[in-house]
Amino acid sequence: MADGKYWNPEIETLPRDKLEEYQLEQLKKEVRFAYENSPYYRRSFDEAGVKPEDIKQLSDLAKFPFIDKKTERDTQGVGSFLGELCAVPEDDVIFMSTSSGSTGVPTMSPFTQKDFDEWQDVESRWFYQTGMRKNDRYIHALNFSLYVGGPDVIGAQNLGALCIWGGTLPSERLIFVLKTYQPTCIWTSPSYAWYLGETCKKNGVDPAKDLAIKRIYVAGEMGGSIEATREAIEELWGASVYDFYGLSDIFGACAAMCDEKDGLHIAEDHILVETVDVRTGEVLKPGEVGELVYTTLRKEARPMIRFRSGDIGYIDNTPCKCGRTHGRIHVTGRKDDMFVVSAVNVFPSDVEAVVRGVKGITGEYLIRVYEKDYTCRYDVTIEKEDSNTAESDEALAERVKNALKARIGVKPANVIVEKEGTLERSTHKAKRIIDERKLTYSI
């Protein structure tokens, strides 16, 4: 299958017209499969006055309705455990992951055996295109608990690399593993790659000289596609950084950089990409910036037809210098006020949910988002109730930090405790977030 440069040379270098012919063939099958087997899609298509036969060319997909995270939440558990979006019985599902639940109830992502095997073949493709080979040692330093990126280690195993299932080891233990077993490749988040490298240096380990890491895969944050951040991590580690992009709604890494590092190749034999106007939903031309919308082409357990990702960016369909013909996505931000810290999605509403429920504080708060050491961080300012005289400010700050960690998954860098009445009140729309980041994260 693989040759010296490509994991699947036939599909990766398929001429654009042939690739689109293949996409159309698969799209017709996927839309029909969804209509015939998913209660939601049958109802949704009927209500929109469309049917599978309407797909005559790729642009006809624009006639069909969108879905989004709310659709997933609203249909989950309705009619069956897997819900109305799913198109197979539970007995056919062999794996499921869930989202973090940072925007509400966690959403599940089910896979049949075929779904799972094809997903991991794509992961092997991504690893191979970065130069990973059988003689590499790879440590998968990602969360395995329900996270859709966890099983991607199997893609490296299928390629033949020696794989170490690291997971979320404490930093000291991970550094020990890096020193002892000398892996050549690691996957983590951009902020943790920076933090881990700095922690190595503080412990007398030069990651560029004392370790064997040559390739660093990053995902979950925008840092890997921000040149300054990527280059800083590369200099720190003496290694090449590759950005990966995934969606729990589809599968682990749906797109990845090649050595050209000009966007992320997306698996167009599995995923059809549209870019739409954020406000009107009108389909934009390739190269125009808008919301990225994805349609699965081969997924059985839960087809995703016109899924609005909430990510802002564009797709470049011109041939890449690496020889691959699949389009490259460029993600430039999010359409909402979400920010990402250590690969965790953080929403102001989640912070509010915590501070409103903590005893001893007023419930007023202010979030400050900023960049430090090439990573996104946030502080939360709270007000201590005048009646809370028994608890020190330090103890209260720690209690709030822990509550935020439990709810969101990542602590703020600082919790600042002020006196009751310090923060500005508003009878209309209170300003709850101050974004001091200098990079452009949204349009």
Look up atom [atom1] in [X] and atom [atom2] in [Y], then write down how far apart they are to the nearest 0.5 Å.
X	Y	atom1	atom2	result
C258	Y6	SG	OH	9.0 Å
T112	D92	OG1	CG	7.5 Å
R377	R368	CZ	CZ	11.0 Å
D277	E288	CG	CD	9.5 Å
S225	L264	OG	CG	4.5 Å
E436	D379	CD	CG	8.5 Å

*Is D54 paired with K63 through a side-chain N to carboxylate O contact shorter than 4.0 Å?*
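Result for this pair is no, no salt bridge flagged.
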*Does a side-chain N-to-carboxylate-O contact under 4.0 Å join D60 and K56?*
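Salt bridge between D60 and K56, a charged N being under 4.0 Å from a carboxylate O: no.
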*Mind jotting down which residue pairs meet the ring-ring contact (aromatic ring centres under 6.0 Å, His included) criterion with at least one end in residues 253-310? Sequence neighbours excluded, please.*
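Every pair satisfying ring-ring contact (aromatic ring centres under 6.0 Å, His included) with a residue in residues 253-310: there are none.
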*If you look only at pairs with a residue in residues 59-83, which of them pass as a ring-ring contact (aromatic ring centres under 6.0 Å, His included), with sequence neighbours excluded?*
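Output for this query lists F45-F64.
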Flag for [Y]-[X]: side-chain donor and acceptor within less than 3.5 Å:
X	Y	answer
Y370	D435	no
D373	T375	no
T71	D68	yes
S240	K261	yes
E364	T362	no
T422	E383	no
K411	N402	yes
S171	Y192	yes
D243	Y217	no
T107	S99	yes
D152	W126	no
T296	R302	no

*Derivation of the salt bridge (charged side-chain N to carboxylate O under 4.0 Å, His left out) call for K299 and D115*: CA-CA 6 Å; K299 202 168 183 186; D115 293 338; 5.8 Å; no
With distance as the sole test, does [X] use its side chain to make a donor-acceptor pair with the main-chain N or O of [Y] at under 3.5 Å?
X	Y	answer
Y41	E36	no
T13	P9	yes
H140	G150	yes
D136	R133	yes
Q120	N158	no
K114	R298	yes
S109	S248	yes
Q76	P106	yes
W237	A193	yes
R215	T130	yes

*Return the orientation label for the W187 and F244 ring planes: parallel under 30°, perpendicular over 60°, tilted otherwise.*
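It falls in the perpendicular class, over 60°.
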*Taking the inter-plane angle between the rings of F116 and W119 on a 0 to 90° scale, is it parallel (under 30°), tilted (30 to 60°) or perpendicular (over 60°)?*
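Taking W119 first and then F116, their aromatic rings stand perpendicular (interplane angle over 60°).
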For residues 160-169, which side-chain N or O atoms pair as donor and acceptor with protein atoms under 3.5 Å away, sequence neighbours left out?
{"residue": "W165", "atom": "NE1", "partner": "Q157", "partner atom": "OE1", "Å": "2.6"}

*asked:* Is there a salt bridge (charged side-chain N to carboxylate O under 4.0 Å, His left out) between E260 and K321? Walk through the geometry before answering.
replied: CA-CA 7 Å; E260 296 298 325; K321 292 179 181 179; 5.1 Å; no
*Please name the residue in the list K18, K28, E268, E30 that meets the side chain to side chain contact (heavy atoms under 4.5 Å, CB included) test with Q23.*
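Exactly one option meets the side chain to side chain contact (heavy atoms under 4.5 Å, CB included) with Q23, and it is E268.
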Under 6.0 Å from the [atom1] atom of [X], do we count more than 12 heavy atoms belonging to anything else shown?
X	atom1	result
E282	CD	no
E235	CD	no
F33	CZ	yes

Validation row: [X], [Y] side chains within 4.5 angstrom (heavy atoms):
X	Y	result
L27	T295	yes
E21	E25	no
H326	D269	yes
I408	V344	yes
I312	E291	yes
V93	V88	yes
S309	Y245	yes
D249	K69	yes

*Would you please indicate yes or no on a ring centroid separation below 6.0 angstrom for F127 and Y138?*
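Centroid distance Y138-F127: below 6.0 Å, so yes.
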*Please assess M132 against Y128 for the test side-chain contact (heavy atoms from CB on, under 4.5 Å), listing each intermediate value before the final yes or no.*
CA-CA 5 Å; M132 183 188 288; Y128 199 84; over 6 Å; no
*Go through the steps to decide whether R43 and E84 satisfy the test side-chain contact (heavy atoms from CB on, under 4.5 Å), and finish with yes or no.*
CA-CA 10 Å; R43 182 173 68 250; E84 290 188 314; 2.9 Å; yes
*Is the NZ or CZ atom of R432 positioned over Y365's six-membered ring, under 6.0 angstrom from the centre and within 45° of the axis?*
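Yes, R432 lies over the aromatic ring of Y365.
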_Using the rule given for side-chain contact (heavy atoms from CB on, under 4.5 Å), can you reason through C320 versus R328, listing the C-alpha separation, both sets of side-chain angles and the distance that settles it, and then say yes or no?_
CA-CA 8 Å; C320 182; R328 287 154 286 148; 3.8 Å; yes
*So T325 and R16, side-chain contact (heavy atoms from CB on, under 4.5 Å) or not? Walk me through it.*
CA-CA 6 Å; T325 55; R16 189 77 208 173; 5.7 Å; no
